[in-house]
Undergrad: 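Dumping the structure here so I can ask a few things about it.
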Number of protein chains: 4
Amino acid sequence: MSKEKILDAGQHLFAEKGFEGTSVRALAQAAGVNIAMISYYFGNKESLFEAIVERKTAYTRQRLEEVSHQTTASPVEKLDFVIDYYVDLILSNRKFHLMLYRELTLAQRKDFHDHILDILQKNWRELQGILLEGQDKKSFKQDIDTDMVIMTVFGVINQCSQTGILRKLIDKQDVADQEQEVRKRLKQYLKDLFHAYLLV
Amino acid sequence: MSKEKILDAGQHLFAEKGFEGTSVRALAQAAGVNIAMISYYFGNKESLFEAIVERKTAYTRQRLEEVSHQTTASPVEKLDFVIDYYVDLILSNRKFHLMLYRELTLAQRKDFHDHILDILQKNWRELQGILLEGQDKKSFKQDIDTDMVIMTVFGVINQCSQTGILRKLIDKQDVADQEQEVRKRLKQYLKDLFHAYLLV
Amino acid sequence: MSKEKILDAGQHLFAEKGFEGTSVRALAQAAGVNIAMISYYFGNKESLFEAIVERKTAYTRQRLEEVSHQTTASPVEKLDFVIDYYVDLILSNRKFHLMLYRELTLAQRKDFHDHILDILQKNWRELQGILLEGQDKKSFKQDIDTDMVIMTVFGVINQCSQTGILRKLIDKQDVADQEQEVRKRLKQYLKDLFHAYLLV
Amino acid sequence: MSKEKILDAGQHLFAEKGFEGTSVRALAQAAGVNIAMISYYFGNKESLFEAIVERKTAYTRQRLEEVSHQTTASPVEKLDFVIDYYVDLILSNRKFHLMLYRELTLAQRKDFHDHILDILQKNWRELQGILLEGQDKKSFKQDIDTDMVIMTVFGVINQCSQTGILRKLIDKQDVADQEQEVRKRLKQYLKDLFHAYLLV
DNA sequence: AATGAATGAGCCTTCATTCAT
DNA sequence: AATGAATGAAGGCTCATTCAT
């Protein structure tokens, strides 16, 4: 009960304020539990952070595997699906993902960094599998840089999420519409881009 | 004299440890000045940070403007040049740029966030100018998403810089070679990608 | 069952880490019982400590009384026996005795201090009885300071046990031999010393 | 100024409550300075403790050396002087010395333990020098255990200081008289004891 | 222009103990 | 008889900043 409340509060607060910016006092207060419960359940703040990332990414990985291992869809269809999936995933959890990548760029806490990177790489391998399958089936070109394609998918989505620049480019409508507009545009763009680059 | 030393020390330390991770004590010690000098010259840590970013980006912007305003090159050539330029720029100052984007994603410090974003947008407008010029001259397609192309340039370079994943993918050679290999591969990929997407 | 396990764990842990240095959590873990059991059985940490000391000293006192009340031996023989006995006793339980005297010197916990001192004094009175008997029988000098002799017996043994200096003075042999060497030397010295001081 | 105040407050508080029992908050309050000044001047609580011991023992060592190196006195006179000196020294700073020996028996903090022991051993060597000189000059017996004599001097004084038992043995007079009585009796006893044991 | 001392708030963690079951 | 969850206080320490000189 308290454990869940701490995880929930942590997911929200870490996303909002970052690791350093979130004090255990604030965590305990937001979770409505005593400050000592963080140590009691998780040992320390760092381990709580890892537990939150673990919970979040485990769910994501599971969902992703289900999708990418299905055999009925073509590589292009799978790629399009993954694009849609990741755009929605990242933009629906903007602050959390931003925070994750932010902490990832801090050379401090090397062990944690490697741990998270391993988890993310598992997901990246799924995408790589689709690209290689497409090359095998001759539906994608042979001289493409698959690593870079993966970098592009996450790089573009993160960049949009990060800078929030599109909010400035489209300022005619209200916030909710903007959000939908950005997602739609992002999905369309990535598909167009990769169809132009990948397809034979 | 002391002021310069503080700026230099700050540029290095903030890049290495981030804003939160850099203490005023560490700054003073690294600069070889008294701890009170930071407040004396810059008021507080945040303002020192802004001064450092200002100094760094001003230099970059100046260099970029010189390049993009030249009239002899074609849009494609200009695009290719900007790609080369940014890959070298960001990868040559990896830690600083990572830190910059990291701090940018923290909702805290809103004013600072907007200030930095304004600076970066100036540079982005240069790139946008090239894309629009290409459309004008009918050398680029008409139905392209120019905002997204900009997001892609920075997104992909940052993603490579950020995760350092390529270091894992190419581990046959020594570090210096890897660095060159990554840059070369990144430049080639981005050109191939945009030529496929942009050119009529 | 749990109570015994706690007492055993406490005797070992308090000897090793001292009163302050032993946490209730560590006690519970070492005893393999729930943390709340310490409060359940003993009320609080302090009372547990007293219970342990009580158990330990009661056993010692019983052994000592058996010995000192025997009537066949002369005062000198009795004294020699007590010296042998105490050297072995204290050096065989070095850490426990060190801890006991250590806690005794803390002005805090006055009640506990007095309680322990009463117990120890009972044993001291046995030794004093021997000395007075020796004076009565004219085998010891009349102008000796019996209180100080008692202080000397315990003071010297404790000092050796405490500083572990003899380990540094005799470093030719292995640890087990050192231990035996120290005991032998200590017994011989104390007998020589008191024979010189006490005997008529 | 603050540094001195912290050292003074520390000397008093550590003697009174021990290392663990003295909080940095209490130290700061007793010294009338801000809590951060302990870190500012000494780094941490442990280093403050070492600084205090250093200051105290340095003064003692200096005094002792002056005395033991004088050439006019005989070995017996020197021994008697050292006995008088140490009885006064330890009983005048009872709580401090008790605390010192107490902390010395804690296996925790091994480095600190060794450091203090080294300092104390320097003083012990002075006493050992006197005993060896006495043997050289044939005024002391040849078959004495000099290490044990040293253990005895400190052991007996510490034991008296520690248990405070004499307070119970002599309870006819007021406290100040007791103190003097104990010192006088202790000095006399130690001289009698060693004269009996050492002299040819 | 520059300093070292000083501040007070805040950090994370651990403590002995008690509660509800 | 026994438990795991929960408590609130206190622990040592570091922080950015300011003061007096």
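Only heavy atoms go into these numbers, but all of them, side chains included; no hydrogens, no water, no symmetry mates. Fair warning: this is a prediction, and the values are worked out from it, not measured in the lab.
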Undergrad: On DNA chain E, compare the nucleotides closest to Gly32(D) and Ile38(A); which residue's is nearer the 5' end?
TA: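 The residue whose closest nucleotide sits nearer the 5' end is Gly32(D).
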Undergrad: Would you sort out whether Ser161(A) and Asn158(A) count as a side chain to side chain donor-acceptor pair (under 3.5 Å), showing the intermediate values?
TA: CA-CA 5 Å; Ser161(A) 169; Asn158(A) 281 332; 5.4 Å; no
Undergrad: Under a 3.5 Å cut-off for both distances, is dT21(F) Watson-Crick or wobble paired, and to whom?
TA: dA2(E)
Undergrad: dA5(F) phosphate, OP1 or OP2: any side-chain N/O from Ser2(A) under 4.0 angstrom?
TA: no
Undergrad: Is the phosphate of dT14(E), meaning OP1 or OP2, less than 4.0 Å from a side-chain N or O of Tyr40(A)?
TA: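 For dT14(E), neither OP1 nor OP2 has a side-chain N or O of Tyr40(A) closer than 4.0 Å.
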Undergrad: Measure from CZ on Phe49(A) to P on dT13(E) and round the result to the nearest Å.
TA: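 From Phe49(A) CZ to dT13(E) P: 14 Å.
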Undergrad: Ignoring hydrogens, what is the shortest heavy-atom contact between Ala51(D) and Leu7(D)? Give both atom names and the distance.
TA: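 Distance-wise, the nearest heavy atoms are CB-CD2, 4.1 Å.
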Undergrad: For the pair made of CZ in Phe19(C) and P in dC15(E), what is the distance, rounded to whole Å?
TA: 13 Å
Undergrad: So, OP1 or OP2 of dG4(F): does either fall under 4.0 Å of a side-chain N or O from Asn34(C)?
TA: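 True: Asn34(C) side-chain N/O within range (under 4.0 Å) of dG4(F) OP1/OP2.
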Undergrad: In the structure shown, which nucleotide is the Watson-Crick or G-U wobble counterpart of dA16(F), with both distances under 3.5 Å?
TA: dT7(E)
Undergrad: Just N and O in the side chain of Ser23(D): are any of them under 4.0 Å from OP1 or OP2 of dA10(F)?
TA: no
Undergrad: If you pin Val24(A) and Asn44(C) to their nearest nucleotides in DNA chain E, which one's is more 5'?
TA: Val24(A)
Undergrad: Quickly work out the Lys45(D) NZ to dG11(F) P distance and round it to whole Å.
TA: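 That distance rounds to 9 Å.
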Undergrad: If you check the Tyr41(B) side chain, which of dA1(F), dA1(E), dA5(E) turns out closest?
TA: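 Of all the options, the side chain of Tyr41(B) is nearest to dA1(E).
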Undergrad: Once hydrogens and angles are ignored, does a donor-acceptor distance under 3.5 Å link the base of dG10(E) to the side chain of Arg25(A)?
TA: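 Result: no qualifying N/O pair found.
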Undergrad: Are Arg55(B) and Glu4(B) close enough for a salt bridge, meaning some N to O gap below 4.0 Å?
TA: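 Glu4(B) and Arg55(B): salt-bridged.
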Undergrad: Work out which heavy atom in Ile38(D) is nearest to a heavy atom in Val24(D); give both atom names and the distance.
TA: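 Heavy-atom minimum between the residues: CD1-O, 4.0 Å.
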Undergrad: In whole angstroms, how far is the C1' atom of dA5(E) from the NZ atom of Lys5(D)?
TA: 12 Å
Undergrad: With distance as the sole test, does Lys45(D) use its side chain to make a donor-acceptor pair with the main-chain N or O of Thr22(D) at under 3.5 Å?
TA: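 Yes; judged by distance alone, with no hydrogens or angles, the pair exists.
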Undergrad: Which of the following nucleotides, dT17(E), dT7(E), dG4(E), is nearest to the side chain of Ala36(B)?
TA: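 Ranking dT17(E), dT7(E), dG4(E) by closest atom to the Ala36(B) side chain puts dG4(E) first.
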Undergrad: Specify the separation, in whole Å, of atom CD of Gln29(A) and atom C1' of dG10(E).
TA: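 Value for this atom pair: 14 Å.
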Undergrad: Identify, between Met37(C) and Gly43(D), the residue whose nearest nucleotide on DNA chain F lies closer to the 5' end.
TA: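 Of the two residues, Met37(C) wins.
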Undergrad: Between P on dG10(E) and CG on Leu27(A), what's the gap in Å once rounded to a whole number?
TA: 16 Å
Undergrad: Start at the 5' end of DNA chain F and walk down; is the nucleotide closest to Val33(A) or to Thr22(B) reached first?
TA: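 Result of the comparison: Val33(A).
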Undergrad: At under 4.0 Å between heavy atoms, what does Ile35(A) touch on the DNA or RNA strands: base, sugar-phosphate, or nothing?
TA: base
Undergrad: Provide, to the nearest angstrom, the distance between the CZ atom belonging to Phe42(A) and the C1' atom belonging to dT14(E).
TA: 18 Å
Undergrad: Ring-plane angle category for Phe14(C) and Phe19(C), please: parallel below 30°, perpendicular beyond 60°, tilted otherwise.
TA: parallel
Undergrad: In whole Å, what is the span from the NZ atom of Lys17(C) to the P atom of dA16(E)?
TA: 13 Å
Undergrad: If the cut-off is 4.0 Å, is Ser39(D) near the phosphate of dC13(F), judged by side-chain N/O to OP1 or OP2?
TA: no
